[in-house]
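Owing to the predicted nature of the structure, the values given are computational and were not obtained by experimental measurement. Each chain gets a letter, A, B and so on, in the order the sequences are listed, and its residues count up from 1. Just so you know, these numbers use all the heavy atoms, side chains as well, and skip hydrogens, waters and symmetry mates.
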Number of protein chains: 2
Amino acid sequence: MVKRQDAASENASDIRQIFDAFTEIGIIHQLSRTLFEQRLDDSLLLPHFTVLNHLARLGDGVTPLSLAVAFQVPKTTLTHTLSGLEKRALIETRPNPHDGRGKLVFITKSGREFRDNAITSLGPDISRLASEFDFTKLEAVLPVLKELRATLDRYRDKN
Amino acid sequence: MVKRQDAASENASDIRQIFDAFTEIGIIHQLSRTLFEQRLDDSLLLPHFTVLNHLARLGDGVTPLSLAVAFQVPKTTLTHTLSGLEKRALIETRPNPHDGRGKLVFITKSGREFRDNAITSLGPDISRLASEFDFTKLEAVLPVLKELRATLDRYRDKN
DNA sequence: TCATACTAGTACGATATCGAACAAACAAGT
DNA sequence: ACTTGTTTGTTCGATATCGTACTAGTATGA
C-alpha cells in the first residue's frame with residue numbers, strides 16, 4: 001500500500017473536477033428528492049421515508065441518535081423528523097430499558113405499509129427511467145460512492 | 001437504438017440497489033455540505049457559494065430563473081439565496097434590458113474574492129482527503145452521474 | 001459516595017426551503 | 001389595439017434544518 005506523496009499538489013483542473021462531482025451529486029439529490037416527494041401522500045417528505053426505510057430494512061428498536069449518525073444529520077433535525085412520523089403513527093417510541101435518558105424507535109404496522117406503498121408507487125417511475133438510463137451502471141458507481149462517503153465520514157470525525 | 005422491453009421487470013434487489021445509490025448520494029451531499037460550510041465565513045451557506053461559483057465559472061449577466069434551472073431548485077428558493085448574496089454585496093442585479101419583467105445577476109469584485117478565498121481555504125481539506133481517497137476515481141464516476149442527472153432532468157420535464 | 005465529565009434527547013430561535021398565489025411584462029393570434 | 005395564455009420574479013405562510021443551550025441520566029474515578 002503506497003501512500004501518495006503528492007497529495008498536496010492538486011492543480012486547478014483537479015479541483016474543478018472535484019467541485020463538479022459534488023455539484024452533480026447535489027443536483028441528483030435535489031432531483032430525486034423532488035421526484036420522490038411528488039409520490040408521497042400526506043405531505044411527508046424524503047427524510048420521513050428514509051427513516052422508515054432504514055427501520056424496515058435494517059431493523060427497528062434503535063436509538064434516535066443512531067439514526068442521526070446513519071443519515072449524517074444533526075440530532076435536532078432527527079428529533080423533528082421523528083415527531084412528524086410519530087404524530088402520524090408511522091413509528092412509535094419506547095423508553096430505552098438500558099438507558100434512562102434514551103428512547104428506542106419502532107416502526108408500526110402502518111409505517112411498514114406506508115413504506116411499502118411508497119416503494120410500490122415509485123415502480124412505474126423507475127421502469128420509465130430504466131428505459132432511458134441503464135441502472136446497472138450504478139453497480140460500478142456505488143462502491144466508489146461508498147468509499148467516498150466513508151472517507152468523508154472518517155474525516156469529519158477527526159475534526 | 002433498441003428499447004428495452006423488460007423495463008418493468010425490475011426485481012426487489014435492483015430496486016434496493018437504486019435506493020441505496022440515492023441514499024448514498026444524499027449522505028455524501030450532506031457530508032460535503034457540512035464540511036464545506038465550516039470553511040465559509042459570514043454564515044454563508046453552500047447555495048450561496050454554488051451561485052457565486054457558477055457565475056464566476058460560466059459567466060454572469062444571467063437571469064435568476066436560469067440559475068434556478070441550473071441548480072434544480074424552485075425559483076422562490078433562489079430569490080431568497082440571491083437576496084442574501086446581494087445584501088452582502090457579493091452580487092448585484094440590474095434590470096434586464098431585453099425583458100422588462102426580469103433581472104440580470106452579476107458577480108461583484110468582492111464576490112469573486114469571496115469565491116476564490118473559499119476555494120483556497122478548502123485546499124488543505126482536499127489535500128488531506130486525497131491522501132485517503134483517490135479522486136481520480138471520480139473521473140470514471142462523473143460521466144455516469146452526469147448521465148443520471150440528465151435522465152432525471154428530462155424525466156422531470158415530461159411531468 | 002461524591003464530583004466530574006460525558007451522552008441522549010429536547011426547546012428555542014434563526015434561517016432555509018418551497019408551494020401557492022400574485023403582479024407585471026411578454027407573446028401570439030385576432 | 002385586445003384578448004388570452006405564458007413567463008419572470010416576489011410575497012406570504014408553512015414547514016424543515018440546524019446551532020446553541022439546556023435537562024436528565026450515565027460513567028468514571030477518587
A:F71/A:H54 aromatic ring centres below 6.0 Å: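 Between A:F71 and A:H54, the centre distance is under 6.0 Å.
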Start and end of the DNA chain C segment that chain B contacts, any atom under 4.0 Å from a heavy atom: C:dA16 to C:dC26
Between A:T34 and B:Q72, is any side-chain donor less than 3.5 angstrom from a side-chain acceptor?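 Checked: A:T34/B:Q72 side chains show no N/O donor-acceptor pair below 3.5 Å.
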Taking it one step at a time, do A:K103 and A:E92 satisfy side chain to side chain contact (heavy atoms under 4.5 Å, CB included)? CA-CA 10 Å; A:K103 288 175 164 188; A:E92 57 184 27; over 6 Å; no
Pick the closest DNA chain C nucleotide for A:T34 and for A:K103 by heavy atoms, then say which residue is nearer the 5' end. A:K103
Quick check: on DNA chain C, is the nucleotide nearest A:L82 upstream (toward 5') of the one nearest A:R101, or the reverse? Name the residue that is more 5'.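 Nearest-nucleotide comparison on DNA chain C picks A:R101.
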Atom NZ of A:K75 and atom P of D:dA21 are separated, to the nearest Å, by 14 Å
Taking the six-membered ring of B:F106, is NZ or CZ of B:R94 closer than 6.0 Å to its centre and within 45° of its axis?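 Judged by the rule, B:R94 and B:F106 form a cation-pi pair.
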If you assign each of B:T76 and B:E37 to its closest nucleotide in DNA chain D, which residue comes earlier from the 5' end? B:T76
Looking for any heavy atom pair under 4.0 Å, which part of the strands does B:D99 touch: base, sugar-phosphate only, or nothing?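 Sugar-phosphate only.
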Have a look at the helix from C:dT1-D:dA30 to C:dT30-D:dA1 and give the angle its two end axes make, five pairs each, rounded to 10 degrees. 20°
Taking the inter-plane angle between the rings of B:F19 and A:F49 on a 0 to 90° scale, is it parallel (under 30°), tilted (30 to 60°) or perpendicular (over 60°)?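 Taking A:F49 first and then B:F19, their aromatic rings sit tilted (interplane angle of 30° to 60°).
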